[in-house]
Trainee: 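Have a look at this one.
Both backbone and side-chain heavy atoms feed into the values below; hydrogens, waters and symmetry mates do not. Numbered from 1 within each chain, the chains take letters A, B, ... in sequence-line order.
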Amino acid sequence: MLREDVFPDNTTFSVVLRACTAVPAARAGEGFHCQIFKLGFEFDLFSQTGLLDFYAKVGDLSSAKRLFAEMPDRDVVAHNVMIAALGKFGYASDARKLFDEMPDRNSASYNSMISIYCKLGDIHSAGLIFYRNPVKDVVSWNAMIDGYCKLDDLTKAWELFDRMGSAKNSITWNTMISGYVQHGEFGRAISIFQQMQEQNVKPTEITMVSLLSACAHLGALDIGKWIHAYIRRQNLRTDVVLGNALIDMYSKCGSIEAALDVFHGLPMKNIFCWNSIIVGLGMHGYGDDAINAFVEMEKEGIKPDGVTFVGLLSGCSHSGLVSEGRDYFSQMSGVYGVNPGIEHYGCMVDLLGRAGFLEEALELVKTMRMKPNSVVWGSLLRACRIYKDTKISEQVTQHLLELDPHDGGNYVFLSNIYASVNRWEDVELCRRLMSERGVHKTPGCSSIEVGNIVHEFVAGDTSHPQFTQINTFLDEISWELRGLGHEPDTDSVLHDIEEEEKESAVRYHSERIAVAFGIMSTPPGKSIRVVKNLRTCDDCHATLKLISKLFMRVIIVRDKNRFHHFRDGSCSCKDYCYAFVPTQFIARIQYDE
DNA sequence: GTAGGGTTAG
């Protein structure tokens, strides 16, 4: 490292130290410190501060504290570094003490304190510091806006954002965009990006990551593609984070091919990238390819983690790869050093249940080390419904309602099971329990992208400008569907509980409205892509199959659980959990009760 | 020195 004939000065020291801090290379930096020290080197204030920062960044707070105490004179920057270090390790009151004792402060001193208080969740103290700061700069505002975003007060965040006027920089915009993304307001995030462009603020890689995440949630493939093209046009650097965001966007928007293209084109892949592609392949029903990717990942020397196994096991489940899933599950902790969590047991129960091994699945639930949660019981219940096992489903039901008395989805599913065997008193009981326990229903929401605009249809909301035409069109569709032999499930609607609320003005669920709008607004033959926040109901599932045949369209619906590719009257989910039978036939079906 | 980003079972 050091050559005898070249004597370093403070600048050399600072430069090398900065490199060690960035890597971070604790050993190298420390060794370097010692070597220089032995040479009898006089550190200047600048180098001392650099060293302080170095120790704080590599996680050695005690060395940082010692250094700070030994420093003969300490300027504002040295104080700031120490305050930030104390804050990072959770010593907020020590940081505050230092802040109060400082002879003079600059904006960064105030800003450090703001971010420390924000990380503690103490937005009130952060605000006091913010308003006391006589030299507020863009960082002060950004820190406060981020604080409000992290504390779920988007109104306050927006207020500050708005008050900044033209003083915003790209980080301000990024903070606001990611704030909206993190709170599920994806359309809003995209529209803020449009404003950002109007104001000629140059987006960064981080802007793109947030936007891609918004697209992934919305299923907005066209906007996602546009962002990808924009990234290339602007020569933004596709690092592992941006690469991962692209993979996830394409995969969640239903285009696993494009996700694979991005994946293979990445010069560097980390565990996130591998996990995203494994999860994506599994989600799209390519269990074999998910396994191949896993094997490939091992060859590259990347150690799988819990997320990898969720992807792998759920992939096996969706593709019916029972023995493969069993093998990987049993090797998880012994071979790969990953202890199975509840989510992995959940995957296994789903895998076994889906394949019809109901007793084995039940046995696994009973013998698992942790208390089974509602997802685990719910998977088993779905399997019971498919294999018409009412005996096990009675047991499962008890647990499910005890565990999760406030999840409306559970009641709906249960009620559907009862409805399918004509047990209307129990259906009524579900409905009564729901209202007694004050279980609220999540409003259904479906989105579709037409002409680079995301149209959202929320249950009960009639505000879309074309709402009347869409409803008329849907009425016509149901008329034509009758010609194809589809009898609307009117009888069970009287008893059935819907997962989403239907207002009187809205006769159809949101995904059906979105699909109808898509057919009306796009040229014949174009695929329709819809994303829904809840599970698609039986009646809509059956109807969409018929619509795909009637209008000769591929309809891709991503609901809460999975992708449904409707094509020529059938669905890629092979009707798993959609044992829809028009009510008038239910009585003729024999159930072994 | 201080502000912004990614993968997870029904």
Trainee: In whole Å, I'd like the distance from the OH atom of A:Tyr345 to the P atom of B:dT8.
Mentor: 22 Å
Trainee: Any side-chain N or O of A:Lys150 less than 4.0 Å from the OP1 or OP2 oxygen of B:dG5?
Mentor: yes
Trainee: Please confirm whether the shortest side-chain N or O distance from A:Lys88 to OP1 or OP2 of B:dG1 is below 4.0 Å.
Mentor: no
Trainee: Tell me whether the OP1 or OP2 atom of B:dA3 has a side-chain N or O from A:Ser115 closer than 4.0 Å.
Mentor: yes
Trainee: Without decimals, in angstroms, what is the distance between A:Asn111 CG and B:dG1 P?
Mentor: 14 Å
Trainee: Let me know the distance between CE of A:Met82 and P of B:dT2, rounded to the nearest Å.
Mentor: 13 Å
Trainee: How close or far is atom C1' of B:dG5 from atom CD1 of A:Ile247, stated in whole angstroms?
Mentor: 15 Å
Trainee: Whether A:Arg326 and A:Glu360 form a salt bridge (side-chain N of Lys/Arg under 4.0 Å from carboxylate O of Asp/Glu) is what I want to check.
Mentor: yes
Trainee: It should be established whether A:His318 places a side-chain nitrogen or oxygen under 4.0 Å from OP1 or OP2 of nucleotide B:dG10.
Mentor: yes
Trainee: Return the value, rounded to whole Å, for the distance between atom CD1 of A:Ile129 and atom C1' of B:dA3.
Mentor: 16 Å
Trainee: So does A:Ser178 get a side-chain nitrogen or oxygen closer than 4.0 Å to the phosphate oxygens (OP1/OP2) of B:dG5?
Mentor: yes
Trainee: Is the closest side-chain donor-acceptor distance between A:Ser276 and A:Asn244 under 3.5 Å?
Mentor: yes
Trainee: Round to a whole Å and report the spacing from NE2 of A:His217 to P of B:dT8.
Mentor: 8 Å
Trainee: Of the nucleotides B:dG1, B:dA9, B:dG4, which has the atom closest to the A:Glu343 side chain?
Mentor: B:dA9
Trainee: For B:dG4, does OP1 or OP2 lie under 4.0 Å from any side-chain N or O of A:Gln182?
Mentor: no
Trainee: If you compare every side-chain N and O of A:Lys252 against the phosphate oxygens of B:dT8 (OP1, OP2), does one of them come in below 4.0 Å?
Mentor: yes
Trainee: Test of understanding: with salt bridge (charged side-chain N to carboxylate O under 4.0 Å, His left out), list the residues that count as partners of A:Lys202, not counting sequence neighbours.
Mentor: none
Trainee: Table please: side-chain donor-acceptor pairs of residues 78-87 of chain A below 3.5 Å, with sequence neighbours left out.
Mentor:
{"residue": "A:His79", "atom": "ND1", "partner": "A:Asp75", "partner atom": "O", "Å": "3.0"}
{"residue": "A:Asn80", "atom": "OD1", "partner": "A:Ser109", "partner atom": "OG", "Å": "2.8"}
{"residue": "A:Asn80", "atom": "ND2", "partner": "A:Asn106", "partner atom": "OD1", "Å": "3.0"}

